[in-house]
Amino acid sequence: MSVLPLVFTSGWASGINAYAVVLLLGVFGATGLSDDVPESLQRPEILITAGVLFLCEAVADKIPYVDSVWDSVHTVIRPVAGAWVGALLAGQSGSLSDLAAGAIGGSTALASHTVKAGTRMAINTSPEPFSNFVMSTAEDLGVAGILTFAMFHPEAAAIIAGVLLLAGLVVLFFLVSRIRRFLRRRAQRREERRAARTGVPPD
């Protein structure tokens with residue numbers, strides 16, 4: 001069986017929470033739940049590191065504006081993690097080249113990361129903080145649920161991940177104008193504060 005569906009699903013999940021993907025896959029392999037997980041992901045130091053970073057993300061991801069800063073830092077980390085995991089899965093399976101799997105995992109992770117980061121920027125335009133907590137919790141549960149489902153039904157999980165990714169891109173398209181207005185207002189407030197400090201009127 002081709003490992004492509006699992007590579008795609010893990011790439012999608014890595015764009016949302018790469019540390020959860022590494023941790024879950026490592027646990028699945030270490031407990032014998034799946035033979036598709038390479039031993040390098042099952043190493044204790046990898047599991048411990050992924051677990052600690054997952055806890056850090058679980059906290060930062062639920063705080064307004066902190067989540068967007070965290071997303072900015074992970075713009076490179078998540079796609080690289082998706083490519084790395086994809087290449088490892090392909091190497092373990094042998095049914096797909098490492099290069100192709102890395103490209104699929106990395107590009108899918110970049111797409112889902114873009115959806116997540118953009119959606120969070122839109123949510124941060126809301127004055128109440130509860131949306132961040134709800135969205136972050138839903139993302140964590142979604143990653144865990146779909147990745148676990150992929151262990152038993154990889155094709156079906158990949159279809160679900162693809163539908164969610166497409167839906168997210170459509171939603172993000174309609175949120176772009178809201179994000180732009182928010183960024184303009186924030187830049188204007190920053191300029192007003194600078195003018196108040198220096199006594200120079202804003203442009």
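Treat the numbers as computed from the prediction; the structure is a model and nothing was measured.
How far CG of D61 is from OG of S68: 9.5 Å, rounded to the nearest 0.5 Å. With values rounded to the nearest 0.5 angstrom, I160 atom CD1 is found 7.5 Å from L164 atom CG. In this structure, CG on L25 lies 8.0 Å from OG on S14, to the nearest 0.5 angstrom. Put simply, CG on L33 and CE on M151 are 7.5 Å apart, with the number rounded to the nearest 0.5 Å. Note that CZ of F28 is 9.0 Å distant from CG of L23, once rounded to the nearest 0.5 Å. Interatomic distance, CE of M121 versus CG of L175, reported as 11.0 Å (0.5 Å rounding).
Between I46 and L41, the shortest heavy-atom contact is CG2-O, 4.0 Å. Of all non-hydrogen atoms in P154 and P5, the two that sit nearest each other are O-CB, 3.4 Å. Across all non-hydrogen atoms, the minimal contact from P38 to L89 is CD-CD2, 4.0 Å. Scanning all heavy atoms of the two residues, the minimum distance from L96 to A90 falls at O-CB, 3.3 Å. Considering all non-hydrogen atoms of both residues, A13 and V143 come closest at CB-CG1, 3.9 Å. Nearest heavy-atom pair, G11 versus S112, reported as atom, atom and distance to 0.1 Å: O-OG, 3.9 Å.
Residue pairs meeting the salt bridge (charged side-chain N to carboxylate O under 4.0 Å, His left out) criterion with at least one member in residues 21-41, sequence neighbours excluded, do not occur. Here ring-ring contact (aromatic ring centres under 6.0 Å, His included) pairs that include residues 143-176, with residues two or more places apart or in two chains, are F149-H153. For residues 160-175, no pair satisfies salt bridge (charged side-chain N to carboxylate O under 4.0 Å, His left out), with sequence neighbours left out. Each ring-ring contact (aromatic ring centres under 6.0 Å, His included) pair with one or both residues in residues 70-106, not counting sequence neighbours, appears once here: Y19-H74, W70-H74.
Clustering of Ile, Leu, Val, Met, Phe, Trp and Tyr side chains at separations under 4.5 Å places I63 together with V59, V66. Under the 4.5 angstrom side-chain criterion for Ile, Leu, Val, Met, Phe, Trp and Tyr, the cluster partners of V80 are V76.
Checking side-chain atoms of K62 against main-chain N and O of S136 turns up no donor-acceptor pair under 3.5 Å. At distances below 3.5 Å, at least one donor-acceptor pair connects side-chain atoms of Q42 with backbone N or O atoms of V37.
Under the 4.5 Å side-chain heavy-atom criterion for grouping Ile, Leu, Val, Met, Phe, Trp and Tyr, L169 is connected to I16 within one hydrophobic cluster.
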side-chain contact (heavy atoms from CB on, under 4.5 Å) assessment of E139 paired with T119: CA-CA 12 Å; E139 288 169 351; T119 303; 5.9 Å; no
With a cut-off of 3.5 Å and sequence neighbours excluded, list every side-chain donor-acceptor pair involving residues 104-111.
from: S107; atom 1: OG; to: A103; atom 2: O; distance (Å): 2.7
from: S107; atom 1: OG; to: I104; atom 2: O; distance (Å): 3.2
from: T108; atom 1: OG1; to: I104; atom 2: O; distance (Å): 2.7

Determine all donor-acceptor pairs shorter than 3.5 Å in which one atom belongs to a side chain in residues 47-56; sequence neighbours excluded.
from: T49; atom 1: OG1; to: E45; atom 2: O; distance (Å): 2.8

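Listed by chain and number, the residues in a side chain to side chain contact (heavy atoms under 4.5 Å, CB included) with S72 amount to none (sequence neighbours excluded). Applying the side chain to side chain donor-acceptor pair (under 3.5 Å) test to D67 and every residue at least two apart in sequence or in another chain returns R120, N124, N132. The side chain to side chain contact (heavy atoms under 4.5 Å, CB included) test applied to A81 returns A18, not counting sequence neighbours. With sequence neighbours left out, A150 forms a side chain to side chain contact (heavy atoms under 4.5 Å, CB included) with L6, T9, A157.
Taking the side chain as every heavy atom from C-beta outward, D71 and R78 approach each other to under 4.5 Å.
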